[in-house]
Amino acid sequence: MLKLSYFAWVRERMGTGEESVSLPDDVHTVADLILWLAARNDAGARAFAEPMRIRAAVDGHMAVPGAVVPRSGEVALFPPVTGG
Amino acid sequence: MLKLSYFAWVRERMGTGEESVSLPDDVHTVADLILWLAARNDAGARAFAEPMRIRAAVDGHMAVPGAVVPRSGEVALFPPVTGG
Amino acid sequence: MIRVAVRSAAIDVAAEYAAHDAGGHGASASFVGRVRGDDGLTELFLDHHPMLTASGLEALAGEAGARWSLAALTLIHRVGGIAPGETIVLVLASSAHRAEALAAVEFLIDRLKTDVMLWKRETFGDGRVVWVEQREGDHKRAERWG
Amino acid sequence: MIRVAVRSAAIDVAAEYAAHDAGGHGASASFVGRVRGDDGLTELFLDHHPMLTASGLEALAGEAGARWSLAALTLIHRVGGIAPGETIVLVLASSAHRAEALAAVEFLIDRLKTDVMLWKRETFGDGRVVWVEQREGDHKRAERWG
């Protein structure tokens with residue numbers, strides 16, 4: 001199981017701050033994960049309608065769209081940060 | 001009578017922070033005043049041995065060496081400031 | 001001593017100043033940012049990532065410590081809901097030399113605006129609730145530091 | 001509100017901060033300078049001119065207020081004998097915008113080093129008593145402000 005956590009308006013649109021998911025076999029990268037979440041349900045469609053506006057951190061480190069998503073661990077998905 | 005006030009090492013060398021003096025008729029400018037003080041006594045000789053190192057304020061305003069010294073009022077004499 | 005904190009409790013500037021000051025250093029520079037209530041803002045909410053936000057602040061503090069010779073550095077950022085007038089961030093740097101303390105504070109506050117994992121949501125008196133978008137000006141200031 | 005003071009009594013930074021803060025502005029930057037005790041210094045004495053020192057500080061504060069949009073400015077300088085570790089100067093500027101508060105503080109502390117009518121005398125543990133000479137570096141920093 002992979003833990004997903006959401007922040008800011010991604011959290012709001014998903015209606016939850018975190019969840020655990022089993023990834024389909026064809027989800028390999030962060031970009032794949034975002035497309036899968038966008039297609040999965042209405043909340044995902046709202047949160048991930050614009051993949052270019054989504055940033056990701058895998059196991060606590062910032063990850064590019066092409067980064068490989070682990071089968072277990074944590075992926076955080078969020079908009080660009082707006083600072084302190 | 002003219003009030004003279006001294007600061008920093010000028011004060012120390014003069015042995016006083018202020019005094020009142022009657023200026024001789026031939027003392028017209030700040031530069032004249034400094035030369036007169038340097039010639040007046042030992043303390044003055046020590047304090048004003050290097051006129052280039054002395055700055056002056058006349059009645060609360062910085063004054064150049066050629067500025068006219070009033071017959072009454074206040075002249076402050078001091079080294080370059082060393083800031084806060 | 002570097003001290004970094006991310007917290008939802010109010011920031012007591014005087015207490016933090018006293019805690020920081022214990023050593024007695026030549027120069028201390030500080031920056032305190034407060035929530036502004038103009039434009040009818042009634043609450044600023046800062047969402048944060050429990051791990052990434054703190055580690056980002058620590059990395060930033062470490063970078064300041066590497067760039068300048070600092071005797072002490074305090075960096076405290078508030079998260080969660082914050083009312084207008086309340087303190088959102090405190091940066092406090094001490095050094096033997098004033099230029100280093102001042103530069104470190106300016107660097108930290110500029111980079112905090114762009115680098116740290118925080119997301120701002122503004123609530124207004126008229127009912128609007130808006131997630132803040134990234135600001136170009138903040139990036140320009142932060143980029144000065146290379 | 002601009003508040004300027006020249007005094008021989010100790011500077012209570014927390015109290016001055018609280019007095020300054022009353023308005024609740026967006027950003028406050030500060031600088032606190034303390035007497036350094038390295039090199040065996042046992043006392044710093046600051047001679048001042050009762051009228052010129054205060055009017056110089058006021059002019060400097062006024063210039064900062066004209067250059068930047070400041071909501072409040074506090075500028076307090078100590079004079080007389082000061083022990084190592086004690087606060088000699090406090091600069092505190094508040095503005096709606098952080099860049100203005102930071103720039104005002106940096107400007108004021110740089111210009112304080114060159115413009116204000118103060119004379120420093122250092123006393124050391126080995127008995128030496130020295131009037132400080134003007135420093136070239138201070139002038140270079142102050143000249144940046146044109």
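The chains referred to below are lettered A, B, ... by the order of the sequence lines, with proteins before strands, and numbering in each begins at 1. No hydrogens, no waters, no symmetry mates; every other heavy atom, side chains included, goes into these values.
- Using a 4.5 Å cut-off between heavy atoms, A:Glu74 contacts chain C through its side chain alone, with no backbone atom that close.
- In C:Asp126, the CG atom is crowded: over 12 heavy atoms of neighbouring residues, nucleotides or ligands sit closer than 6.0 Å.
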In sequence, state the C-alpha distance, the side-chain angles, and the governing distance for C:His49 and A:Phe7, and then conclude on ring-ring contact (aromatic ring centres under 6.0 Å, His included).
CA-CA 8 Å; C:His49 186 295; A:Phe7 297 90; 4.9 Å; yes

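- Rounding to the nearest 0.5 angstrom, the gap separating the CE atom in A:Met62 from the CG atom in C:Leu52 is 8.0 Å.
- The shortest side-chain heavy-atom distance between C:Trp131 and A:Glu12 falls under the 4.5 Å cut-off.
- Contact of C:Val116 with chain A is made through the backbone alone, with heavy-atom distances under 4.5 Å.
- Just one of C:Val132, C:Leu118, C:Asp47, C:Leu46 meets the side chain to side chain contact (heavy atoms under 4.5 Å, CB included) condition when paired with A:Thr82; it is C:Val132.
- Of the atoms belonging to A:Arg53, it is side-chain heavy atoms, and not backbone ones, that fall under 4.5 Å from chain C.
- Looking at A:Ala8, the atoms closer than 4.5 Å to chain C (heavy atoms on both sides) sit in the backbone and in the side chain alike.
- With a 4.5 angstrom heavy-atom cutoff, C:Met117 touches chain A via backbone and side-chain atoms both.
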